[in-house]
Amino acid sequence: MKGNRMNFIVLTIFPEMFNPFWEHGIIKRAIDRNKILASAVNIRDFAQGRHRTTDDRPYGGGCGMIMKPEPLAGAIRTATKKAPLAKRILLTPQGRRFDQGVAREFASLDGIIFVCGRYEGVDERICHNLIDDEISIGDYVLTGGELAAMVIIDAVTRLIPGVLGGKDSAEKDSFSGSVLKYAQYTRPRTFEGVDVPEVLLSGNHKKIEEARLESSLIRTFLKKQDLLENRSLSAEEIKILKKWCRDIEKIIHDQSIRGPDALSGDQ
Ligand code: 21W
C-alpha cells in the first residue's frame with residue numbers, strides 16, 4: 001500500500017449523522033480502497049451518571065447550554081491514543097476560516113480528530129491542552145460542528161493521492177489554479193434549443209484547449225475578478241485578455257465615429 005491512510009475521527013453527540021456520509025461516492029471509495037480510515041465516536045459514551053449528560057448551564061448565567069468538559073476530555077484522550085499523531089481540531093464559529101489552502105495543508109496530515117460542538121459551545125478549558133487548532137467553515141450560523149466536519153473531510157479526502165482517478169484529477173480544479181472551470185457540455189448536441197459550441201465537436205485539440213482557456217478566463221472575469229487580479233498570468237492568458245481589449249476598443253471606436261446619436265440608444 002502506498003503512503004499511510006489518513007485517519008479521520010469525529011467526536012460528536014450525533015455519530016449517526018455520519019453513516020450516510022461514509023457510505024456514498026468518493027468518500028466510500030476512499031474508505032474501500034484504504035486511502036482513509038473514518039469513524040464517528042459518541043461523546044455521550046464518555047459521560048457519567050444515569051443520564052449521561054453532555055451539557056450543563058453556563059457559570060455566570062445566560063441562555064443556552066455549554067458542553068461539559070469531562071466527557072469531551074475523555075473522548076479526545078481516547079481518540080488521541082488511537083491516533084497519536086493526529087491533529088485535534090475544534091469546529092467553532094470563532095475558528096480560522098477553512099479554504100482550499102487549509103484543505104491542502106490538512107491533506108498532508110497523518111490524521112485529524114474533529115471535535116464537534118453543539119449547544120452554545122464547549123467549556124473553554126477544553127481548548128487549553130486538548131485542542132491544536134480551531135476551524136470555522138464560513139460566516140454563517142450552523143447548529144453544530146458536524147456538517148463542518150463533513151465539509152472538511154470531503155475537501156481533504158479528494159486531495160489525498162490516489163483518491164481521485166486521473167480523469168478527475170485535483171490539480172485541474174477551480175481555485176487550485178486560481179481560475180474557474182470552463183463551461184462544460186455532454187450529450188445531447190442540442191438541449192432545449194441550445195447547441196454545444198462547434199469547436200468542441202471539431203476534434204482539434206489545440207483549438208479546444210484555447211477555447212476552454214478563454215471560457216475559464218471570461219467566467220473568472222465575470223464571476224470572481226479577484227482570482228484573476230491575484231494570479232500571475234501566462235503568455236497565452238495575456239494574449240486572450242489583449243484580444244478582448246482590442247475587441248472592446250473596436251466596438252467603442254466604431255460607435256464614436258458614428259457620432260453621439262449612436263450612443264443615445266436608437267439603433
Ligand atoms: C453557532 C455554536 C453559534 C455557538 C452570541 C451569543 C462549527 C460553525 C460551527 C454554534 C454559536 C462552524 C450567539 C461556521 C458555524 C458550530 C454552532 C454562538 C450564538 N452569538 N463554521 N450567542 N459556522 N456552530 N451562539 O456555526 O459549531 S464550525
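Atoms within each ligand, like the ligands themselves, are counted from 1 in listed order.
With a 6.0 Å radius and a threshold of 12 heavy atoms from other residues, nucleotides or ligands, Arg52 has its CZ atom above the threshold. No more than 12 heavy atoms of other residues, nucleotides or ligands sit less than 6.0 Å from atom CZ of Phe221. Heavy-atom contacts from other residues, nucleotides or ligands closer than 6.0 Å to CD of Glu198 number 12 or fewer.
Looking only at protein heavy atoms, the nearest one to atom 28 (S) of ligand 1 is Thr92 N, 3.5 Å. Among all non-hydrogen protein atoms, the one lying nearest atom 23 (N) of ligand 1 is Tyr140 O, 2.8 Å. Distance from atom 1 (C) of ligand 1 to its nearest protein heavy atom, with residue and atom name: Leu142 O, 3.4 Å. Among all protein heavy atoms, the one lying closest to atom 11 (C) of ligand 1 is Pro93 CG, 4.1 Å. In terms of protein heavy-atom proximity, atom 2 (C) of ligand 1 is closest to Tyr119 O, 3.5 Å.
A donor-acceptor pair under 3.5 Å links the side-chain atoms of Ser216 to the main chain of Tyr182, judged by distance alone. Although no hydrogens or angles enter the test, the distance criterion places a donor-acceptor pair under 3.5 Å between the side chain of Arg29 and the main chain of Val163.
Residue-ligand proximity, Val141 to ligand 1, at heavy-atom distances under 4.0 Å covers atoms 1 (C), 3 (C), 26 (O). Close contacts between ligand 1 and Ile135 involve ligand atoms 28 (S) [criterion: under 4.0 Å to a heavy atom]. For ligand 1, the atoms closer than 4.0 angstrom to any heavy atom of Ser136 are 14 (C), 21 (N). Remark: ligand 1 atoms within the under-4.0 Å shell around heavy atoms of Leu91 are 7 (C), 27 (O), 28 (S).
Ligand 1 has no N or O atom lying under 3.5 Å from any N or O atom of Thr143, backbone or side chain. Taking only nitrogen or oxygen atoms, main chain and side chain alike, Ile137 reaches within less than 3.5 Å of ligand 1.
Counting only heavy atoms, the protein never gets under 4.0 Å from atom 5 (C) of ligand 1. Less than 4.0 angstrom separates atom 20 (N) of ligand 1 from none of the non-hydrogen atoms of the protein.
The option from Gly144, Gly138, Ala148 that lies nearest to atom 27 (O) of ligand 1, judged by heavy atoms, is Gly144.
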Might you work through the salt bridge (charged side-chain N to carboxylate O under 4.0 Å, His left out) test for Lys250 and Asp254, ending with a clear yes or no? CA-CA 6 Å; Lys250 182 175 184 308; Asp254 291 354; 2.8 Å; yes
When you look at Thr92 and Gln94, which way does the side-chain hydrogen bond (donor to acceptor under 3.5 Å, both in side chains) test go after all the steps? CA-CA 5 Å; Thr92 162; Gln94 290 105 284; 3.0 Å; yes
Start with the C-alpha distance between Arg96 and Asp133, add both sets of side-chain angles, then the distance that settles salt bridge (charged side-chain N to carboxylate O under 4.0 Å, His left out), and finish with yes or no. CA-CA 8 Å; Arg96 173 164 74 105; Asp133 204 354; 2.7 Å; yes
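Applying the side chain to side chain donor-acceptor pair (under 3.5 Å) definition to pairs two or more places apart or across chains, none involves residues 37-48.
Counting heavy atoms from C-beta on, the side chains of Gln100 and Arg104 come closer than 4.5 Å. Contact annotation: the side chain of Ile208 approaches that of Leu200 to within less than 4.5 Å [non-hydrogen atoms, C-beta and beyond].
Counting heavy atoms closer than 4.0 Å to ligand 1, residue Asp139 contributes nothing at all. Heavy atoms from both the backbone and the side chain of Glu120 come within less than 4.0 Å of ligand 1.
Contact analysis leaves Phe98 out of contact with ligand 1, as no non-hydrogen atom separation drops below 4.0 angstrom.
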